[in-house]
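Worksheet: one structure, shown below.
Each residue takes its place number in the sequence, starting with 1.
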Amino acid sequence: MPRDVPNVFGNVGNVRTCTAQGFFEQFGVSTVMYSGSLSIYYLITIRNGRFKSQQKLQKYELWLHIIPLVFGFGTAIASLALN
């Protein structure tokens with residue numbers, strides 16, 4: 001919280017530090033999605049066997065990395081633009 005906000009205990013910083021904190025908190029959403037992607041990866045590996053699923057994994061692995069990161073950065077940048 002910015003220092004000039006009244007009736008808030010422990011408020012230090014300014015609007016820029018509050019904005020930076022909001023950006024990183026919003027980007028933190030991608031960690032939950034990335035964890036879900038890892039779960040899907042391991043589900044495919046265990047269900048189909050390690051060597052049988054290599055072709056399936058190569059097809060989906062890039063998307064399992066890209067989707068959480070793009071969503072996290074996209075919503076974090078959108079929150080900066082929308083203030």
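Every side-chain contact (heavy atoms from CB on, under 4.5 Å) that Phe23 has, sequence neighbours left out, goes to Phe73, Ala76, Ile77, Leu80.
If you chain together hydrophobic residues whose side chains sit under 4.5 Å apart, Val70 and Leu62 fall into the same group. Put simply, Val32 and Leu64 are part of two different groups of oily side chains (I, L, V, M, F, W, Y) that touch within less than 4.5 Å, one to the next.
Separating the CE atom in Met33 from the CG atom in Leu38 is a distance of 12.5 Å, to the nearest 0.5 Å.
Counting all heavy atoms, side chain and backbone alike, Phe71 lies closest to Val29 at CE2-CG1, 3.8 Å.
A side chain to side chain donor-acceptor pair (under 3.5 Å) check over residues 24-34, counting only residues at least two apart or in different chains, returns the pairs Gln21-Glu25, Gln26-Thr75, Tyr34-His65.
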